[in-house]
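See structure below.
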Amino acid sequence: MHPAYVYDAVRTPFGKYGGGLSGTRPDDLAAFVVRRIVERAPGLAGESVDEVFLGNANGAGEENRNVARMATLLAGLPESVPGTTINRLCGSSLDAAIQASRAISLGEADVVVTGGVESMSRAPWVLPKTSKPFPAGDLNLASTTLGWRLVNPEMKDRWTVSLGEATERLAEKYGVRREAMDEFSARSHRLAAEAWSSGFYDDLVEQVPGTDLERDESMRPDSTPETLAGLRTVFRKDNGQVTAGNSSPLNDGASAALLGSEKAAEAVGLDPLARLAGRGVAANEPQYFGYAPVEAANRALERAGITWDDVGTVELNEAFAAQSLACIDAWGIDPEIVNPHGGAIAIGHPLGASGTRILGTLARSMKASGTRWGVAAICIGVGQGLAVVLENEEGR
């Protein structure tokens with residue numbers, strides 16, 4: 001087996017729903033990060049890219065017909081470079097990186113561009129086909145922006161509750177309090193703003209041509225636990241705890257990472273940031289999707305041959321504060337090592353792009369701090385979780 005390395009990572013700023021990136025097609029967002037990740041590697045020629053793996057959760061609009069292949073062509077890479085699109089909902093781009101790393105480990109590829117894209121603003125409404133032609137009654141459009149649509153009637157009701165209601169149930173099951181959620185959320189905004197001010201994201205985030213957006217658009221640096229405590233609950237009126245303030249928002253954006261073998265260093269002209277040392281996937285009851293990263297990360301650590309005591313940095317995608325806190329508590333780790341540069345509650349969660357965002361952020365964070373071991377983990381709707389372990393070999 002050949003080791004797989006992360007050589008570089010880049011992403012767009014993440015725009016609000018209907019905000020600064022809503023006028024840009026998702027295939028153009030994807031093409032931008034694919035093009036930039038290749039251009040940023042000083043020795044890399046387009047024809048040296050063995051394949052492009054991109055994640056996308058929707059696939060119902062302008063990102064249809066295999067957005068990875070479309071982005072590869074639009075980015076100006078040679079027509080001989082293949083591309084494949086991977087859909088594991090919120091974990092799509094982390095899954096893309098995992099599959100790319102497997103190809104490298106098996107010796108089937110040396111240089112792979114991986115990443116993901118989502119434009120939740122431009123997700124279309126869809127009209128289901130009727131069982132009979134020319135129906136006399138009205139038909140309803142279904143939004144493809146987020147969550148369940150066109151549900152199979154054989155699915156059990158408890159599986160198909162909304163993401164917010166599922167999180168309410170998770171908070172009840174694992175004893176997560178509203179006060180802790182709001183404190184965690186305020187921390188996410190504060191740390192994201194501090195990371196931008198300190199220049200941490202300067203080399204990791206690039207502005208999309210033709211747009212004015214330079215920073216993540218959902219950040220609210222003035223958020224405090226007190227202001228967040230004043231927000232109404234969204235999914236339950238009486239005994240709810242989940243609000244817009246302690247949930248990730250709807251967003252648009254794209255991310256990419258350059259993965260390669262050890263010998264790829266010469267071809268790309270870069271030193272690796274980190275080695276991908278362990279991978280893990282897990283599944284549990286769909287309504288407790290937010291807890292699935294617990295077992296996924298534990299499996300990734302076991303395969304890397306280390307324990308939580310060895311881990312210095314964690315990037316956990318903050319779909320909701322409640323599920324993030326439940327995972328952190330289950331792992332028994334210091335909360336301060338989690339998302340030190342802010343998380344998805346502040347930065348945003350464009351579904352297909354989030355996995356490579358946390359992977360790239362983790363690799364850059366470990367390089368900057370000298371941390372040897374790190375974990376990137378993400379929860380996935382319908383009850384799945386993914387995780388990878390990175391090793392910064394200079395941190396030995």
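Please read all numbers here as calculations on a predicted model, not as lab measurements.
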Any idea which heavy atoms bring [X] and [Y] closest together, and the distance?
X	Y	answer
Phe289	Gly383	CB-N, 3.4 Å
Thr114	Ala100	CB-CB, 4.4 Å
Val34	Ala71	CG2-CB, 4.4 Å
Thr130	Pro135	CG2-CG, 3.6 Å
Ala344	Pro249	O-CD, 3.5 Å
Asp95	Arg88	OD2-NE, 2.8 Å

Task: For His189, ring-ring contact (aromatic ring centres under 6.0 Å, His included) partners two or more places apart - done: none
Identify whether [X] and [Y] are in the same connected component of the hydrophobic contact network (ILVMFWY, side-chain heavy atoms under 4.5 Å).
X	Y	result
Leu73	Val67	no
Val10	Val38	yes
Ile37	Tyr201	no
Phe320	Met120	yes
Val389	Leu386	no

Does some side-chain heavy atom of [Y] sit less than 4.5 Å from a side-chain heavy atom of [X]?
X	Y	result
Gln287	Trp159	yes
Gln99	Thr84	no
Phe32	Thr24	no
Arg215	Pro13	no
Asp216	Arg11	yes
Glu118	Asp252	no
Tyr7	Val111	no
Leu146	Leu351	yes

What distance do [X] atom [atom1] and [Y] atom [atom2] have between them, rounded to the nearest 0.5 Å?
X	Y	atom1	atom2	answer
Phe184	Ile345	CZ	CD1	5.5 Å
Ser354	Asn251	OG	CG	7.5 Å
Thr72	Glu79	OG1	CD	11.5 Å
Leu258	Arg36	CG	CZ	12.5 Å
Leu325	Leu316	CG	CG	9.5 Å
Ser93	Ile378	OG	CD1	6.5 Å

Examine distances only and state if a side-chain atom of [X] and a backbone atom of [Y] form a donor-acceptor pair shorter than 3.5 Å.
X	Y	answer
Gln207	Thr211	yes
Ser121	Gly18	yes
Ser255	Ala353	yes
Asn317	Ile358	no
Arg69	Val81	yes
Thr233	Phe235	no
Ser48	Leu44	no
Asn298	Val294	yes
Ser119	Pro26	no
Asp310	Thr307	yes

Salt bridge or not for [X] and [Y], using N-O below 4.0 Å?
X	Y	result
Glu165	Arg169	yes
Arg40	Asp203	yes
Lys367	Asp271	no
Arg364	Asp8	yes
Arg299	Glu302	no

Open item on the list: Quick one, Thr227 with Asp222, criterion side-chain contact (heavy atoms from CB on, under 4.5 Å). Give me CA distance, side-chain angles, the key distance, then yes/no.
Closed with: CA-CA 9 Å; Thr227 59; Asp222 57 346; over 6 Å; no
Task: Residues Asp28, Val208; criterion side-chain contact (heavy atoms from CB on, under 4.5 Å); working and verdict - done: CA-CA 9 Å; Asp28 285 329; Val208 178; over 6 Å; no
TODO: Check the surroundings of atom CD in Glu262: do more than 12 heavy atoms from other residues, nucleotides or ligands lie under 6.0 Å from it?
DONE: no
Open item on the list: Would you say CG of Asp157 has more than 12 non-hydrogen atoms from neighbouring residues, nucleotides or ligands within 6.0 angstrom?
Closed with: no
Modelled atom types, side-chain donor and acceptor of [X] and [Y], under 3.5 Å:
X	Y	answer
Asn339	Glu318	yes
Asn66	Thr85	yes
Ser261	Asp110	yes

- [ ] Step by step, work out the side-chain contact (heavy atoms from CB on, under 4.5 Å) result for Val205 and Trp196.
- [x] CA-CA 10 Å; Val205 180; Trp196 273 105; 3.7 Å; yes
TODO: Using the side-chain contact (heavy atoms from CB on, under 4.5 Å) rule, pick out the option among Thr361, Val6, Asn392, Leu273 that qualifies with Met366.
DONE: Asn392
- [ ] Anything under 30° is parallel, anything over 60° is perpendicular, the rest tilted; go ahead and classify Trp308 against Trp331.
- [x] tilted
Open item on the list: Ile328 vs Ile333, test: side-chain contact (heavy atoms from CB on, under 4.5 Å). Steps then yes/no.
Closed with: CA-CA 6 Å; Ile328 293 167; Ile333 58 177; 4.1 Å; yes
